[in-house]
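Note sheet for the following structure.
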Amino acid sequence: MSHKDIHLEIRDAVAVVRLSRPAKRNALSDDLILGVRNVFENLPDTVRAAVLDGEGEHFCAGLDLSELKERDAGQGLHHSRMWHAALECVQYGPVPVVAALHGAVVGGGLELASACHIRVADESTFYALPEGSRGIFVGGGGAVRIPRLIGAARMADMMLTGRVYNAQDGERIGFAQYLVPQGQAFDKAFELAQLVAQNAPLTNYALMHALPRIAEQPSDQGFLTEALMAAIAQSAPEAKSRVKDFLEGRANKVQKA
Ligand code: 1HE
């Protein structure tokens, strides 16, 4: 599972996956995107949540442009599908993934971040889709995932005009769920991953695999899928013992925010 440009550390139930190609701003070569796929496909069974981070000042500069050679249409199609398969392993892999964003989160880097379940950004973060100015299009699932975060109109604007969102505006429009001071994205992401890791596995499964599909279904199908998932989750022994703990005064109450 080792890869020269990925640092993987297992800290109890949390896997820390760090893109480690800072000299190239963690640009995603084919080899690196396949490495990401391999890591998420092969996480140890003991892992319950993951943090995805980038070494150096930037989370990820996107596609490694030095590899964008003369691809014909067929090769371009397969290249994009290769990214899709890799990022599916992040979104629909074994555990929820919390991205720790800082610096550039651009192009394919933003596509990768969008495949994660929670995004924590620090104040140095900026978001862009320079594909527009490079004469290309997104190919790593961005056309599907990014409009679901910020809307198709905002994404089109980013690509048509080269608009860059700073950290504050990125949080406001929905790129990140959390905004923290500069340098604190990893610590916050790790803290959140530790919380996520404590959830019942079937609850995390439902949130990763059922919720995004339900959200795309027509209401009548969504209600049925929700009911099926709810029935499965609540029938697990872990759900019963957690509810019993609450009813018998052993579990935390919800605290006022
Ligand atoms: C790269 C890449 C890259 C940096 N591919 N080599 N993505 C982009 O269009 C973004 C391109 N990158 C940038 O705009 C900037 O590099 C950053 C804003 C991310 C960072 O700036 P900075 O000043 O910290 O670094 P730098 O000096 O620009 O780059 C340092 C080195 O990294 C330099 O190489 P060097 O050998 O001269 O030291 C850069 O060439 C290299 N580098 N970014 C290759 N992306 C599935 S389809 C997805 C389609 C896309 O993602 S398109 C968008 C690609």
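Just so we're clear, the structure is a prediction, and the values are computed from it rather than from any experiment. Both counts, for ligands and for their atoms, begin at 1 and track the order of listing.
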Close-contact set for ligand 1 against [X] heavy atoms, below 4.0 Å:
| X | value |
| --- | --- |
| Gly62 | 51 (O) |
| Gly140 | 46 (C) |
| Glu111 | 46 (C), 47 (S), 48 (C) |
| Gly107 | 51 (O) |
| Ala104 | 19 (C) |

Please indicate, with yes or no, if any protein heavy atom is found under 4.0 Å from [atom]?
| atom | value |
| --- | --- |
| atom 50 (C) of ligand 1 | yes |
| atom 28 (O) of ligand 1 | no |
| atom 9 (O) of ligand 1 | yes |
| atom 3 (C) of ligand 1 | yes |
| atom 54 (C) of ligand 1 | yes |
| atom 17 (C) of ligand 1 | no |

TODO: Report yes or no: do Val105 and Leu129 belong to one cluster of Ile/Leu/Val/Met/Phe/Trp/Tyr joined by side chain heavy-atom distances under 4.5 Å?
DONE: yes

To the nearest 0.1 Å, how far is [atom] from its closest protein heavy atom, and which atom is that?
| atom | answer |
| --- | --- |
| atom 12 (N) of ligand 1 | Ala61 CB, 4.2 Å |
| atom 45 (N) of ligand 1 | Leu63 O, 2.8 Å |
| atom 31 (C) of ligand 1 | Ala23 O, 3.2 Å |
| atom 52 (S) of ligand 1 | Glu131 CG, 3.5 Å |
| atom 22 (P) of ligand 1 | Arg25 NE, 3.6 Å |
| atom 21 (O) of ligand 1 | His58 NE2, 4.1 Å |
| atom 14 (O) of ligand 1 | Arg134 NH2, 4.2 Å |
| atom 40 (O) of ligand 1 | Lys24 NZ, 4.8 Å |

TODO: Could you name the option among Gly139, Ser66, Gly56 that has the heavy atom nearest to atom 47 (S) of ligand 1?
DONE: Gly139

Determine the minimum heavy-atom distance between [X] and [Y], stating which atoms define it.
| X | Y | value |
| --- | --- | --- |
| Arg119 | Leu149 | NH2-CD2, 3.2 Å |
| Gly140 | Glu111 | N-OE2, 2.6 Å |
| Val51 | Ala193 | CG2-CB, 3.6 Å |

Side chains of [X] and [Y] in contact at under 4.5 Å (non-hydrogen atoms):
| X | Y | answer |
| --- | --- | --- |
| Val196 | His117 | no |
| Glu123 | Gln168 | yes |
| Leu63 | Trp83 | yes |

Drop me the distance from [X]'s [atom1] to [Y]'s [atom2], to the nearest 0.5 angstrom.
| X | Y | atom1 | atom2 | result |
| --- | --- | --- | --- | --- |
| Leu101 | Glu171 | CG | CD | 12.0 Å |
| Glu216 | Gln221 | CD | CD | 12.0 Å |
| Phe175 | Phe126 | CZ | CZ | 13.0 Å |

Task: Polar side-chain atom of Arg48 near backbone of Asp45 as donor-acceptor pair, under 3.5 Å - done: yes

Open item on the list: I'd like to know if the side chain of Ser114 reaches the main chain of Leu110, judged simply by a donor and an acceptor atom lying under 3.5 Å from each other, with no hydrogens or angles considered.
Closed with: yes

Task: Passing candidate, side chain to side chain contact (heavy atoms under 4.5 Å, CB included) with Val36, options Val17, Val90, Leu52 - done: Val90

- [ ] Using distance alone, decide if ligand 1 has a nitrogen or oxygen within less than 3.5 Å of any nitrogen or oxygen in Gly108.
- [x] yes

TODO: Please say whether Leu65 places an N or O atom under 3.5 Å from an N or O atom belonging to ligand 1.
DONE: yes

- [ ] Compute both the distance and the angle, then confirm whether Arg18 meets the cation-pi test with Phe186: under 6.0 Å from the six-membered ring centre, within 45 degrees of the axis.
- [x] yes

Task: Cationic tip of Arg163 above Tyr127 ring, under 6.0 Å, 45° of axis - done: no

Open item on the list: Using a 4.0 Å heavy-atom cut-off, which part of His79 comes near ligand 1: side chain, backbone, both, or neither?
Closed with: neither

Open item on the list: Test of understanding: given a 4.0 Å heavy-atom threshold, classify the contact between Leu28 and ligand 1 as side chain, backbone, both, or neither.
Closed with: neither

TODO: Would you check whether Ile136 reaches within less than 4.0 Å of ligand 1, judged by its heavy atoms?
DONE: yes

